[in-house]
Amino acid sequence: MDRRSLLKASAATGAASALTLSTVSFAQAADGRGEQSRRVTGELPTGAPDFVYLPIEVPSGVREIHVAYSYDRPTVPAGTQGNACDIGVFDERGTELGGRGFRGWSGGARTEFTISAEDATPGYLPGPVGAGTWHVVLGPYTVAPQGLRYEVTITLRHGPRGRTPRPVYPPQRAKGRGRAWYRGDSHLHTVHSDGKRTPREVATAARAAGLDFITTTEHNTHSAHAAWDGLWGDDLLILTGEEVTTRNGHVLALGVDPGTFVDWRYRARDNAFGRFARRIRQADGLVVPAHPHASCVGCNWKFGFNEADAVEVWNGPFTLEDDVSIAEWDNALVAAVRGGRPWLPAMGNSDAHREGQTVGLPQTVVLAEDLSRPAVLAGIRAGRSWIAESAAINLSFTALDGRGRHAGIGGRLSAARDERVTVRLEISGAPAKGTVRFLTDQGQLFATATPASGTGTVEWQTTPSYAAYVRAEVRHAPADGGTSGVPGPMAAMTNPIFLGDDH
């Protein structure tokens, strides 16, 4: 298809730009058995629509559908994006945005997939292969200047339909320790999207990292929700979610009801995100923009934070991108506290995909009433949490006034404007030659070296008129010894404690 024909093509499916190709038809099997294949080739130019739909007319009596695809990867000049094309499928119930027809997505992680009533390739949902119009969807993420040539082969296998297993989802609570601080990692990938670990390997790594809870967050699919049977226990709560991976940023649908699918086929310009943020909250989940300043294509967050319940400011090993996210978050804190508006809590997650990427680096430590899905999500939503690079570091952060009243992370100490308040950080496992920083709406107002032993208490006094909130950071020593004035990588950081009356 040439560029002129492409731009004239129908773009009616979903909110983002889309193209629907000619329908591929299959004959009814004469004896109800055997298989049929069809091969489709084509070319997409630079500037192709976000999604290209290939309709497949599936006759009755199909037991299994198999799809394989490939595309060319020409050499491109330095600094120019090459070809990258994702794939997924919708069944006979249609491709309506947010509709019921979704049957799976593997992005660019797989070159083929199979769906039957009994089973499906990870990333895809088992269930009957019903008669009607299915749609293979290609997602040309980036297209080289030479264009993108693709080939799709669809195979239908006829025969008696099998039985679809009832999904087994993780329980909503674990034994826990009552009201306590619980450690979790809520951004993780397995073989159900572009991860290389199995769910069992992720669960094993989570326990080794000292975590109490994890959240499964595959890219644009909920197929992994039912993949954890036998992997939870009294010591590990498993929440279900999705990393909604749009072309304008990624957002965690954190802790949604098992079996919930959240659509991703829109850009910021489509004004559709609010609808799907509400979908996440209707499923009792949290809306958490992920790695908002990541440098990968499509990873920068472009939807704003008005719909967010928290924001992932630290993603994986600490980098400059995380420092930028924290600075943006802190600016939003200042605006919220000075404008009397609700504030946005911070969290951190590993985004681990494979061996060499550490589950629990970082981890969010949440004060929850018990180790249950409602309690953990309530703690994150309220900002009763802090972020650590590992379970080796522990801290307690409080503010106290002269009358013995105190507040902890995410709380408020209602002291008079000029009343002296003592801010106290108790820490263990701190990095050697690191720095403790106290930051406020006025910026950094106090800093000192970490205790030589890694364990100790740091105190600072202020007043609500001087600091409307205080948050703590524990940093490693700068790589340059501090000559540039840039702080070292983060070891731990807290959400704020607010000081003064809540006006």
Taking the six-membered ring of Tyr71 as reference, does the cationic atom of Arg73 (NZ for Lys, CZ for Arg) lie under 6.0 Å from its centre and within 45° of its axis?
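That pair qualifies as a cation-pi contact.
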
Do Arg279's NZ or CZ and the ring of Phe261 fall within the cation-pi criteria of under 6.0 Å and 45°?
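Relative to the ring axis of Phe261, which defines the angle, Arg279 lies outside at least one limit.
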
Decide whether [X] and [Y] meet the rule of one side-chain donor and one side-chain acceptor closer than 3.5 Å.
X	Y	answer
Ser396	Glu426	no
Asn394	Ser428	no
Ser295	Glu321	yes
Thr95	Tyr53	no
Asp370	Ser372	yes
Glu64	His158	no
Thr217	His187	no
Glu112	His66	yes
Asn331	Glu328	no
Glu243	His250	yes
Asn300	His293	no
Asp185	Gln363	no

Within a strict 4.5 Å, meaning less than it, do heavy atoms of the [X] and [Y] side chains meet?
X	Y	result
Leu188	Ser350	yes
Val297	Thr142	yes
Met347	Val313	no
Ile427	Ile393	yes
Val67	Val89	no
Phe273	Tyr266	yes
Met493	Arg471	yes
Trp329	Asn495	yes

For the CG atom on Asp480, are there more than 12 heavy atoms of other groups (residues, nucleotides or ligands in this structure) within a distance under 6.0 Å?
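Check passes, neighbour count above 12.
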
Has Arg200 got more than 12 heavy atoms of other residues, nucleotides or ligands less than 6.0 Å from its CZ?
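Check fails, neighbour count at 12 or below.
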
Look at [X] together with [Y] and state whether they make a salt bridge at an N to O cut-off of under 4.0 Å.
X	Y	value
Lys175	Asp235	no
Asp212	Arg177	yes
Arg475	Asp323	yes
Asp257	Arg373	yes
Arg161	Glu118	no

Any donor-acceptor pair under 3.5 Å from Thr216 side chain to Ala224 backbone
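It does not hold such a pair.
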
Just to verify, which of Leu239, Val256, Val366, Asp309 counts as forming a side chain to side chain contact (heavy atoms under 4.5 Å, CB included) with Leu377?
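Of all the options given, the one that passes is Leu239.
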
Aromatic ring proximity His135/Phe90, centre distance under 6.0 Å:
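For His135 and Phe90, the ring centres are not under 6.0 Å apart.
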
